[in-house]
Amino acid sequence: MALFRTSLSQRRWANFKANRRAYGSLIVFCVIFILCLFAEFIANDKPLLINYKGSLYTPAFQFYAETEFGGEFETEAEYPAPEVQCLIQSGGLEACLDDPEATMQDIADGDVDGAAVEAGWILWPPVPYSFNTINYDVETAPSAPNAKHLLGTDDQTRDVLSRIIYGFRISTLFAFAVVITSSLLGILAGASMGYFGGWVDLVFQRIVEIWSNIPSLYIIIILSALFTMTFTLLTILIALFSWTSLVGVVRAEFLRARNFEYTRAARALGVGDWTIMFRHLLPNAMVATLTLMPFLVTGAIGGLASLDFLGFGLPASYPSLGELALQAKQNLQAPWLAFSAFFTFAIMLSLLVFIFEGVRDAFDPRKTFQ
């Protein structure tokens with residue numbers, strides 16, 4: 001918190017807030033992202049809270065067998081099933097196993113013992129479907145938007161809205177992880193090349209030239225055939241092929257600033273090289289670095305979506321916006337899939353670009369917003 005008490009940090013924050021588009025985009029993105037972080041509370045096929053015979057249960061966070069609610073199976077309760085809902089609401093009435101719909105109607109009409117009728121209730125999240133919930137009540141797949149599925153379902157009868165909520169979280173976390181990892185590598189390499197120069201600069205330039213010309217997409221496709229792709233593995237692979245984009249601008253800034261008077265004065269006072277690089281020179285290189293941040297973030301999101309679209313990205317068990325775009329391509333008769341994918345990417349990428357533009361301008365001492 002002390003960082004934000006300095007006059008420089010306060011000026012940068014004031015400049016960022018003065019940029020209304022960037023500040024508004026930050027608020028909107030933070031609200032959406034925080035909601036998606038708690039996706040299990042918003043879209044889930046397991047109730048948030050159950051009251052059964054006076055006891056409270058939290059199925060969204062804990063395993064409960066069907067026998068806990070008077071059922072017959074030791075496996076986890078299928079909460080969307082009418083039988084399970086009838087058992088919970090009727091206090092384990094055995095007639096629910098034979099004809100749950102008739103029993104539920106009896107409960108509603110008051111034809112069942114009142115003590116059993118008032119035994120339980122179920123609190124569902126706003127969207128009672130998870131990203132992998134298959135709705136067997138849907139007659140056609142994909143199905144058009146309706147009261148139960150606000151954005152319709154895909155060709156596997158999974159709710160599109162819930163997949164977007166979970167997919168937004170996965171894509172954003174993936175992009176941030178890739179950008180942080182690749183930025184650390186790129187800034188470290190560019191700073192070393194620009195500050196030390198000589199053989200360090202020469203060797204690193206050859207490495208960057210070779211590495212940047214490697215066809216990253218083909219390498220990832222080959223590795224996806226050899227290994228099972230996971231979130232961590234894919235993050236490392238994308239970061240390893242994207243760090244070179246920052247090397248050039250960081251190197252140029254350090255080459256320019258290493259002969260400034262304050263740098264020479266720091267050397268004369270015995271300040272260490274790494275202290276000079278990251279305490280005195282790096283802040284001056286942040287403007288050029290932040291200029292590329294929007295492209296790195298949007299590139300990471302687009303890269304993940306492209307790999308998922310081609311089938312070489314995250315496993316099918318992950319909610320994927322790229323897989324939603326693939327379904328839109330394969331189901332042209334279902335335009336809601338295409339519209340959902342397009343507007344999700346458009347809103348997400350636009351908000352991120354506006355935010356990073358504001359951050360870049362806030363770090364630029366030549367720009368001051370009124």
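Just so you know, residue 1 is the first one in the sequence shown, and it goes up from there.
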Report task. In sequence, state the C-alpha distance, the side-chain angles, and the governing distance for Gln205 and Glu209, and then conclude on side-chain hydrogen bond (donor to acceptor under 3.5 Å, both in side chains). Result -> CA-CA 6 Å; Gln205 281 195 58; Glu209 290 174 359; over 6 Å; no
Determine, using the 4.5 Å side-chain heavy-atom cutoff (strictly less than), whether [X] and [Y] are members of one ILVMFWY cluster.
X	Y	value
Ile42	Leu324	yes
Leu292	Ile180	no
Leu161	Val31	yes
Phe231	Phe227	yes
Phe339	Val160	no

Would you say [X]'s side chain and [Y]'s backbone share a donor-acceptor pair under 3.5 angstrom?
X	Y	result
Thr181	Val178	no
Glu66	Glu72	yes
Thr58	Phe61	no
Gln85	Pro80	yes
Thr344	Ser340	yes
Thr172	Arg169	no
Trp336	Leu150	no

Requested in this report: Classify the side-chain pair Ser162/Ser130 by whether it contains a donor and acceptor separated by less than 3.5 Å.
Outcome: no
Can you tell me how far [atom2] of [Y] sits from [atom1] of [X], rounded to the nearest 0.5 angstrom?
X	Y	atom1	atom2	answer
Arg267	Ile276	CZ	CD1	5.5 Å
Asp159	Ser143	CG	OG	8.5 Å
Glu78	Glu83	CD	CD	10.0 Å
Thr298	Met348	OG1	CE	11.5 Å
Leu123	Leu49	CG	CG	6.0 Å
Ser242	Leu296	OG	CG	6.5 Å

If you define the side chain from C-beta out and look only at heavy atoms, does anything of [X] sit under 4.5 Å from [Y]?
X	Y	result
Tyr136	Ile134	yes
Ile122	Pro47	yes
Leu184	Leu188	no
Phe174	Leu234	yes
Asn51	Ile88	no
Leu223	Leu237	yes
Phe241	Ile219	yes
Phe196	Asp273	yes

Requested in this report: Test salt bridge (charged side-chain N to carboxylate O under 4.0 Å, His left out) on Asp201 and Arg251 and set out the steps.
Outcome: CA-CA 9 Å; Asp201 188 21; Arg251 172 181 175 274; 2.8 Å; yes
Compute the centroid of each ring, for [X] and then for [Y], and state whether the two points are separated by less than 6.0 Å.
X	Y	result
Trp121	Tyr57	no
Trp13	Phe16	yes
Trp124	Tyr79	no
His149	Tyr129	yes

If you take all heavy atoms of [X] and [Y], which pair is closest and at what distance?
X	Y	result
Pro319	Tyr166	CG-CB, 3.4 Å
Thr263	Ala257	OG1-O, 2.9 Å
Glu40	Leu37	OE1-O, 4.1 Å
Ser320	Asp308	OG-OD2, 2.8 Å
Glu74	Ala65	O-CB, 3.2 Å
Ile355	Phe29	CD1-CB, 3.8 Å

If you count the non-hydrogen atoms of other residues, nucleotides and ligands that lie under 6.0 Å from [atom1] in [X], is the total more than 12?
X	atom1	answer
Tyr218	OH	no
Phe38	CZ	no
Phe295	CZ	no
Arg20	CZ	no
Tyr262	OH	yes

Requested in this report: Only one of Asp154, Thr153, Leu321 passes side-chain contact (heavy atoms from CB on, under 4.5 Å) with Arg163; say which it is.
Outcome: Asp154
Query - Arg360 vs Glu357, salt bridge (charged side-chain N to carboxylate O under 4.0 Å, His left out): CA-CA, chis, key distance, verdict - result: CA-CA 5 Å; Arg360 178 199 63 192; Glu357 282 182 353; 5.1 Å; no
Requested in this report: Kindly indicate, with the supporting measurements, whether the criterion side-chain contact (heavy atoms from CB on, under 4.5 Å) is fulfilled by Ile32 and Leu351.
Outcome: CA-CA 11 Å; Ile32 296 175; Leu351 291 176; 4.3 Å; yes
Requested in this report: State whether Tyr23 and Lys17 meet the cation-pi test: NZ (Lys) or CZ (Arg) under 6.0 Å from the six-membered ring centroid, and within 45° of the perpendicular axis.
Outcome: yes
Query - Six-ring centre of Phe354, Arg21 cation under 6.0 angstrom, axis tolerance 45° - result: yes
Report task. In sequence, state the C-alpha distance, the side-chain angles, and the governing distance for Phe260 and Leu281, and then conclude on side-chain contact (heavy atoms from CB on, under 4.5 Å). Result -> CA-CA 10 Å; Phe260 284 175; Leu281 300 186; over 6 Å; no
Requested in this report: Determine, step by step, whether Val247 and Phe204 satisfy the side-chain contact (heavy atoms from CB on, under 4.5 Å) criterion, reporting the C-alpha distance in whole Å, the side-chain angles of both residues, the deciding distance to 0.1 Å, and the verdict.
Outcome: CA-CA 10 Å; Val247 171; Phe204 265 102; over 6 Å; no
Requested in this report: In plain terms, say whether Glu253 and Arg258 are close enough for a salt bridge, that is, a side-chain N and a carboxylate O under 4.0 Å apart.
Outcome: no
